[in-house]
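Numbered from 1 within each chain, the chains take letters A, B, ... in sequence-line order.
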Amino acid sequence: MSENKKGRFGIHGGQYIPETLMNAVIELEEAYERIGKSPEFKKELSELFNDYAGRPSRLYFAKKMTEDLGGAKIYLKREDLNHTGAHKINNVLGQALLAKKMGKTRLIAETGAGQHGVATATAAALMGMECVVFMGEEDTKRQALNVYRMRLLGAEVVPVKTGTATLKDAVSEAMREWTRRIDDTHYCLGSVMGPHPFPTIVRDFQAVISEEIKTQIMEKEGRLPDAVLACVGGGSNAIGTFYHFIEDKDVRLIGCEAAGRGVDTFETAATIATGREGIFHGMKSYFCQDEFGQIAPVYSISAGLDYPGIGPEHAYLHDTGRAEYVAITDEEAVQAFEYLAKTEGIIPAIESAHAIAHARKIAPQMGKNQIIVVTVSGRGDKDCAAIARYRGEEGIHE
Amino acid sequence: MSKISQAFKNGKAFIPFITCGDPDLETTKKCVLEMVKAGADLVELGIPFSDPTAEGPVIQEANERALKAGTTTDKIFEFVKDLRKETDVPMVFMTYANVVFSYGSERFMKNCKESGIDGVILPDLPYEEKDEFLPVCHEYGIDLISLIAPTSRDRIAMIAKEAEGFIYLVSSLGVTGMRSEITTDLDSIVKLIRENSSVPCAIGFGISKPEQAAKMAAISDGAIVGSAIIKLINEDKDTAPERVGEYVKQMKAAVVAKTE
């Protein structure tokens, strides 16, 4: 829809990668067109989605939250109920199945919070493939439970010590590893970022989220929502939530970025709010960077949103004004994390809590006849120890 | 003939790489001048980048040290201008697309021309994206160097046909850094390049020893060495210029010997 054939979304996107990788991404693009779009592949993936990952995920009417906020009706798209506990499995099952059909025997991946790493390790176990996950050393500490899960699933976890030892460094290291070993290895990129065709492929696999929302909300309400909300790091659950609503101009698309300690501080990861146009990790998009183009050491309490860039399709949706992007601070996200737990009995991932936080802001200002859908991209078990620490409670182990 | 091609006109070329500002620009300057004295035919100057995705650990760390020392693109342009007063050796920048893009490609290439840079190597700019910078490179007479990799296969002819300055042939899969042996069938790649281009071709990635350089130069037009030099500098900055000069002399001798 919005991308042209060279993988451009407006001026964003492209393929800014070393020559060593060019034939690999060309091969991937061809395989995706030939195999990934075939009816047989779609059927097989759909079976995996339903029987293995537990799709369709529920669209839950959050009655208590709606009453408490006193405005728009709030529905939660429960991606946290998927197998492995997040939306990441949608993309991973698609890519792993494609890689397998391409004859690849080894998956590599980057991970921030660990959810994409866990999902990749899961798919690798399921499909009998080797798996190596690159994770910033800082994140291996913040998300020790997910490190254990990946190892339990048979994956090797490589702590990345370079740079800020977080998600961006994990992406860089996974790219380096891919240039070392291409023939048998597929780089299972976890978000709608990187060089073409990744932003398109990942979006297509995540688009199941908005496809389901559309059907489910029509069943429940007989009409489309007024707004859909999702958190944005690279932006995969957000693009999945937006995609089938892009043409429905009356539906507001709202992406919630991580402001960290605030967009007026250096400790932020809000790319749209504080970044500018750049070229990095294979794509042209917005990036947090200094005046000489050095990528900024971003910060967020959420390891999954702690990334200095945003996917090219989001950059385009921002440029055209089709989607809005707001920034949510650590404190607001933590409050929303606690709020959803107490109000609805749902502990969201701290990433998803950024979207919940914004829903808390806008719902009271909307009419009771209006509808908001918030994607709960993942479950929050992995975050409990870190949030307890944030609140000054010591001694809680992962 | 561009100034870069002249670097190859006296037989096989030896091309050292150095990260500007590692550990400081004063040391970089001394090292470059020693390298030229020792016979370097073309010098690759690295502008440090925060996230150098094509580099191995040695050059990654050099980038970090240089940035920590406060090296910026502006300071490097001043440094090159200064360096140009003392040498006329062809010099190219090696950096990442965002460093150029963020600076403003027009402003960047204009400054390259004014300070005396002859070409630019951007490892994250493949053939498909080169129009991002090519028009403005040509406007200021800067060669945009093309890279060819062991995985390029059917892309070699296409890339070689439009190459300018010299062709940077990547010896092996993976990132920069020293390797004990290079196993790629480089002969057949060079043959394909020669069939499609008259631009000189130099081989880089993984070369550190004189015998490797000699072997690479024998099948191409020159050898490029980075990590081994960075390592020498990092051992002790005060004696670095002298030791780097000595190393370049050995390497140049090895590269030339094979042609005779």
Side-chain angles (χ1 to χ4, degrees), chain A residues 6-8 11 13-27 29 160-164 168-183 185 194-196 275-285 287-298 308-309, chain B residues 47-57 60-61 63-64 66-67 71-76 95-105 108 122-133 146-156 158-159 168-170 172-177 205:
Chain A
K6 268 193 78 187
R8 291 279 172 175
I11 61 165
Q15 293 177 310
Y16 300 86
I17 47 170
E19 170 60 22
T20 305
L21 293 177
M22 278 307 297
N23 265 324
V25 296
I26 291 167
E27 184 198 358
E29 183 180 1
V160 177
K161 297 179 178 131
T162 52
T164 50
K168 86 172 161 86
D169 309 289
V171 174
S172 296
E173 208 47 48
M175 283 183 169
R176 290 185 184 113
E177 172 62 17
W178 206 23
T179 63
R180 271 178 214 119
R181 199 167 152 185
I182 300 179
D183 278 357
T185 300
H196 174 69
R276 63 188 171 88
E277 191 75 32
I279 296 171
F280 184 48
H281 279 163
M283 59 184 169
K284 185 183 274 187
S285 187
F287 295 95
C288 301
Q289 54 186 309
D290 75 6
E291 61 169 312
F292 294 107
Q294 307 296 343
I295 303 302
V298 293
Chain B
I47 303 180
F49 181 51
S50 53
D51 301 79
T53 48
E55 314 294 350
Q60 277 180 54
E61 284 162 19
N63 278 271
E64 273 178 43
L67 289 173
T71 314
T72 65
T73 311
D74 277 340
K75 286 181 187 169
I76 291 172
T95 190
Y96 286 77
N98 202 46
V99 170
V100 180
F101 182 80
S102 165
Y103 197 80
S105 20
F108 189 92
L122 302 170
D124 56 348
L125 191 82
Y127 177 87
E128 278 75 0
E129 301 295 354
K130 68 176 180 169
D131 282 348
E132 183 77 48
F133 301 117
S146 298
L147 292 101
I148 288 176
T151 50
S152 295
R153 299 188 300 264
D154 52 333
R155 299 168 51 79
I156 295 172
M158 167 183 91
I159 298 169
Y168 191 132
L169 174 55
V170 175
S172 328
L173 288 177
V175 292
T176 57
F205 277 44

Distance, nearest 0.5 Å, that separates [atom1] of [X] from [atom2] of [Y]:
X: A:N23; Y: B:R153; atom1: CG; atom2: CZ; result: 4.5 Å
X: B:E129; Y: A:M22; atom1: CD; atom2: CE; result: 7.5 Å
X: B:D51; Y: A:F287; atom1: CG; atom2: CZ; result: 10.5 Å
X: A:F292; Y: B:T71; atom1: CZ; atom2: OG1; result: 11.0 Å

Does atom CG of A:D183 have more than 12 heavy-atom neighbours, drawn from other residues, nucleotides or ligands, at distances under 6.0 Å?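 No, CG of A:D183 has 12 or fewer neighbouring heavy atoms, counting only those of other groups under 6.0 Å.
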How about B:N98 and A:Q294: do any of their side-chain heavy atoms sit closer than 4.5 Å?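 B:N98 vs A:Q294: side chains apart.
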Is it true that B:K130 and A:E19 make a salt bridge, defined as a side-chain N closer than 4.0 Å to a carboxylate O? no
When you check the gap from the basic side-chain N to the acidic O, do B:E55 and A:R176 get nearer than 4.0 Å? no
Please state whether the rings of B:F49 and A:F280 are parallel, tilted or perpendicular, taking 30° and 60° as the class boundaries.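 Taking A:F280 first and then B:F49, their aromatic rings stand perpendicular (interplane angle over 60°).
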What pairs with B:K75 under side-chain hydrogen bond (donor to acceptor under 3.5 Å, both in side chains), at least two apart in sequence or on another chain?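 Per chain and number, B:K75 pairs via side-chain hydrogen bond (donor to acceptor under 3.5 Å, both in side chains) with no residue.
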Heavy-atom closest contact (B:P126 atom, A:Y16 atom, distance): CD-CA, 4.1 Å
So, for A:R276 and B:S102, which heavy atoms are closest and what is the spacing to 0.1 Å?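 The pair with the smallest heavy-atom distance is NH2-OG, 2.8 Å.
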Modelled atom types, side-chain donor and acceptor of A:R180 and B:S172, under 3.5 Å: no
Quiz question: by atom type and distance under 3.5 Å, do the side chains of B:Y103 and A:E291 form a donor-acceptor pair?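 Checked: B:Y103/A:E291 side chains show no N/O donor-acceptor pair below 3.5 Å.
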[X] (side chain) donor-acceptor with [Y] (main chain) under 3.5 angstrom:
X: B:T151; Y: A:T20; answer: yes
X: B:D124; Y: A:I17; answer: no
X: B:S50; Y: A:I295; answer: yes

Portion of [X] that has a non-hydrogen atom of chain A nearer than 4.5 angstrom:
X: B:N63; value: neither
X: B:I159; value: side chain
X: B:P48; value: backbone
X: B:L67; value: side chain

Relative to chain A, which of [options] shows the most heavy atom pairs under 4.5 Å?
options: B:G56, B:S152, B:S146; result: B:S152
options: B:T72, B:I47, B:L125; result: B:T72
options: B:E61, B:E64, B:R155; result: B:R155

For A:E173, which atoms come within 4.5 Å of any heavy atom of chain B: side chain, backbone, both, or neither? side chain
Report which part of A:D169 has an atom under 4.5 Å of a heavy atom belonging to chain B: side chain, backbone, both, or neither.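 When you check distances to chain B, only side chain atoms of A:D169 fall under 4.5 Å.
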Between B:E128 and A:R8, does a salt bridge (Lys or Arg N to Asp or Glu O under 4.0 Å) hold up when you go through it step by step? CA-CA 12 Å; B:E128 278 75 0; A:R8 291 279 172 175; over 6 Å; no
Selection from A:H281, A:E177, A:E277, A:M175 maximising heavy-atom pairs under 4.5 Å formed with chain B: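 The residue among A:H281, A:E177, A:E277, A:M175 with the greatest pair count is A:E277.
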